[in-house]
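Just so we're on the same page: letters track the sequence lines, and every chain starts at 1. Keep in mind it's a predicted model, so treat the numbers as computed, not measured.
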Protein chains: 2
Amino acid sequence: MTQDSPWLSAAQQQAWRHWIALGTSLPAALNRALQESGLSLSDYDVLVALSEADDRRLRVGDLAARLAWERSRLSHHLRRMEGRGLVAREECTDDGRGAWSVVTAAGLAAIRTAAPAHARLVRELVFDDLTTAELAVLTDVLAGVRRRVES
Amino acid sequence: MTQDSPWLSAAQQQAWRHWIALGTSLPAALNRALQESGLSLSDYDVLVALSEADDRRLRVGDLAARLAWERSRLSHHLRRMEGRGLVAREECTDDGRGAWSVVTAAGLAAIRTAAPAHARLVRELVFDDLTTAELAVLTDVLAGVRRRVES
DNA sequence: CCAACTTAGGTGACACGTCAACTATTCCGC
DNA sequence: GCGGAATAGTTGACGTGTCACCTAAGTTGG
């Protein structure tokens, strides 16, 4: 259990197994619930990011950074969402290489329909039973991990 | 911010965005590192579960439960791992419907090679900077969420 | 000013995960 | 014991994510 050993302590392992298991089961549960609105969890995240942005549009790269997605994943996903009329791409006049991703009226409508039930489920599953102190610790821990992972 | 509104509070949203982003970026980082050993993170999780089991074998359903995977996902994954010689399936004499999943010698060798660097990376990214108290809170929170999600 | 480099984004092939449907076996009530 | 329900596991089709590679446009040093 020394710091030099590569192994996880028993307590760390316990936390890690929950983390790994949730990495599968929580997205699966949210996806199942979102299916009713015809959206996937990925669709939802894209639509939230775009609908919050100025003028409801973001450069593709900025959107990728905000979601912490790889560019190619986002590119594929935008193509599929474009096919379903949820988003559109527009060319960028400032920078000929770039492109804007824009949420359409249909995309806005879809997310407004889906959002309340989704938010409620997230609260039920994750947040409602947490104390303020627990939430603060959780946020700090996640922020720290994220900083290390994304560097 | 009332409990009746479906929306997440600002503090909850902050935690939630980190959670969502990590759900993508942490597995991606671990996968990238594991690639050197020719294993994916999913392979790794399967091999850990099997190599810890009695006689290095588990019923397919028990393995699925332990990993919190859907059965069909595991079935597909075992087929692919079997093709690479990491695991084998054996028929179950007790219950003619069932099947055992077993780690092969090659599978054991692969995970023994991969484990130290993987464990070290998990510790670096997730655990090394946590206090004992933070770890305890994290474990409780994850355990609670998991219980609610998997019911 | 132009060749080398960098950056924005897209594409194709392939591995992965999910859902619905399927086969084979066991369990259970009558 | 036998017919229907439940259980263990697999399969195929399809949407998704990743890697490696590609094109096009901007950037920079000589």
Side-chain angles (χ1 to χ4, degrees), chain A residues 20-21 23-36 38-46 57-84 86-102, chain B residues 20-21 23-36 38-46 57-84 86-102:
Chain A
I20 289 283
T24 303
S25 56
L26 181 54
L30 296 175
N31 261 309
R32 229 174 345 249
L34 272 173
Q35 260 191 320
E36 292 174 24
L39 295 178
S40 69
L41 187 53
S42 301
D43 297 336
Y44 188 93
D45 292 339
V46 168
R57 68 189 53 224
L58 281 172
R59 288 292 296 271
V60 172
D62 293 342
L63 178 55
R66 183 186 288 227
L67 296 169
W69 285 17
E70 317 226 343
R71 280 153 177 283
S72 73
R73 173 185 178 186
L74 180 56
S75 186
H76 284 304
H77 207 85
L78 287 177
R79 177 173 38 71
R80 293 187 288 252
M81 292 180 75
E82 197 172 14
R84 291 187 289 145
L86 298 170
V87 299
R89 277 146 153 159
E90 286 178 15
E91 72 177 44
C92 177
T93 47
D94 307 14
D95 184 339
R97 298 166 300 182
W100 292 101
S101 46
V102 193
Chain B
I20 288 283
T24 303
S25 57
L26 181 54
L30 296 175
N31 261 308
R32 214 164 318 147
L34 272 173
Q35 258 191 321
E36 292 174 24
L39 295 177
S40 69
L41 187 52
S42 302
D43 297 336
Y44 188 92
D45 292 339
V46 168
R57 69 188 54 222
L58 282 172
R59 289 291 296 270
V60 172
D62 294 342
L63 179 54
R66 182 185 289 227
L67 295 169
W69 284 16
E70 317 227 343
R71 280 153 176 283
S72 71
R73 173 186 177 186
L74 180 57
S75 186
H76 285 303
H77 206 84
L78 288 177
R79 177 174 37 71
R80 291 186 290 252
M81 292 180 74
E82 198 172 12
R84 291 187 290 144
L86 298 170
V87 301
R89 278 146 152 157
E90 286 179 15
E91 74 177 41
C92 176
T93 48
D94 306 16
D95 185 336
R97 298 166 298 183
W100 292 99
S101 47
V102 193

Trainee: Using atom CE of A:M81 as one end and atom C1' of D:dT16 as the other, report the distance to the nearest whole Å.
Mentor: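 Nearest whole value for this atom pair: 13 Å.
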Trainee: With a 4.5 Å limit on heavy-atom distance, are the side chains of A:W100 and A:R89 in contact?
Mentor: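 Answer no - side chains too far apart.
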Trainee: I need the CG-C1' distance between A:N31 and C:dG17, as an integer number of Å.
Mentor: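 Those two atoms, CG and C1', are 10 Å apart.
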Trainee: Just to confirm, is there a sub-4.0 Å distance from OP1 or OP2 of C:dA8 to any side-chain nitrogen or oxygen of A:R71?
Mentor: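 Result: yes.
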Trainee: What does B:S42 touch in the nucleic acid at a heavy-atom separation under 4.0 angstrom: a base, only the sugar-phosphate, or nothing?
Mentor: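 The answer is sugar-phosphate, as B:S42 gets under 4.0 Å only of primed atoms, P, OP1 or OP2.
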Trainee: Relative to the 5' end of DNA chain C, which residue comes earlier, A:L74 or B:S40, by the nucleotide with the nearest heavy atom?
Mentor: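 Looking at DNA chain C, the more 5' nearest nucleotide goes with A:L74.
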Trainee: Without decimals, in angstroms, what is the distance between A:L39 CG and D:dG15 P?
Mentor: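 From A:L39 CG to D:dG15 P: 16 Å.
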Trainee: Mind checking the CG-CG spacing from A:D45 to A:L30? Nearest 0.5 Å is all I need.
Mentor: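 The CG atom of A:D45 sits 9.5 Å away from the CG atom of A:L30.
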Trainee: How close do B:R59 and B:G98 get, counting heavy atoms only, and between which atoms?
Mentor: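 Nearest pair, atom of B:R59 first, then B:G98: NH2-CA, 3.3 Å.
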Trainee: Please report the distance, rounded to the nearest Å, between CH2 in A:W69 and P in D:dC19.
Mentor: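 So the CH2-P distance, A:W69 to D:dC19, works out to 15 Å.
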Trainee: Find the distance A:L78:CG to C:dA8:P and express it as a whole number of Å.
Mentor: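 Those two atoms, CG and P, are 16 Å apart.
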Trainee: Looking only at atom types and distance, does a side-chain atom of A:S25 sit under 3.5 Å from a main-chain N or O of A:A21, one as donor and one as acceptor?
Mentor: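 Such a contact is found between A:S25 side chain and A:A21 backbone.
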Trainee: Got A:L67 and A:R73 here, is their nearest side-chain heavy-atom distance under 4.5 Å?
Mentor: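 Result no, sub-4.5 Å side-chain heavy-atom pair not found.
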Trainee: Quick one: on DNA chain C, does A:A28 or A:D62 contact a more 5' nucleotide (nearest heavy atom)?
Mentor: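 Looking at the nearest nucleotide for each, A:D62 comes out on the 5' side.
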Trainee: Is the backbone of A:L58 close enough, under 3.5 Å, to the side chain of A:R66 for a donor and an acceptor to pair up by distance?
Mentor: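 Not at all, since once roles are kept as given, no pair shorter than 3.5 Å links the two residues.
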Trainee: To the nearest Å, how far apart are A:R32 CZ and C:dT18 C1'?
Mentor: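 For the pair A:R32 CZ and C:dT18 C1', the rounded distance is 10 Å.
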Trainee: For C:dC16 and B:R80 - does any side-chain N or O of the residue sit under 4.0 Å from the phosphate oxygens OP1/OP2?
Mentor: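 Checking B:R80 against C:dC16: at least one side-chain N or O falls below 4.0 Å of OP1 or OP2.
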Trainee: Quick one: is C:dT11 close enough that its OP1 or OP2 comes under 4.0 Å of any side-chain N or O from A:H76?
Mentor: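 No, no such contact exists.
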Trainee: Starting at CG of A:L30 and ending at C1' of C:dT18, how long is that distance when rounded to a whole Å?
Mentor: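 Result: 15 Å.
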Trainee: Tell me what A:R89 touches on the nucleic acid: a base, only sugar-phosphate, or nothing, going by heavy atoms under 4.0 Å.
Mentor: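 It contacts sugar-phosphate atoms only.
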Trainee: Identify the pairs formed between an N or O of the protein and an N or O of nucleotides 20-29 of chain D at a distance under 3.5 Å, and give each distance.
Mentor:
residue: D:dG26; atom: OP1; partner: A:G96; partner atom: N; Å: 2.8

Trainee: Taking B:S40's backbone N and O only, do any of them form a donor-acceptor pair with B:D43's side chain (distance below 3.5 Å, no angle check)?
Mentor: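 Indeed, once roles are kept as given, a pair shorter than 3.5 Å links the two residues.
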Trainee: Give the rounded distance in Å between these two atoms: CZ of B:R73 and P of D:dA8.
Mentor: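 In whole Å, D:dA8 P and B:R73 CZ are 20 Å from each other.
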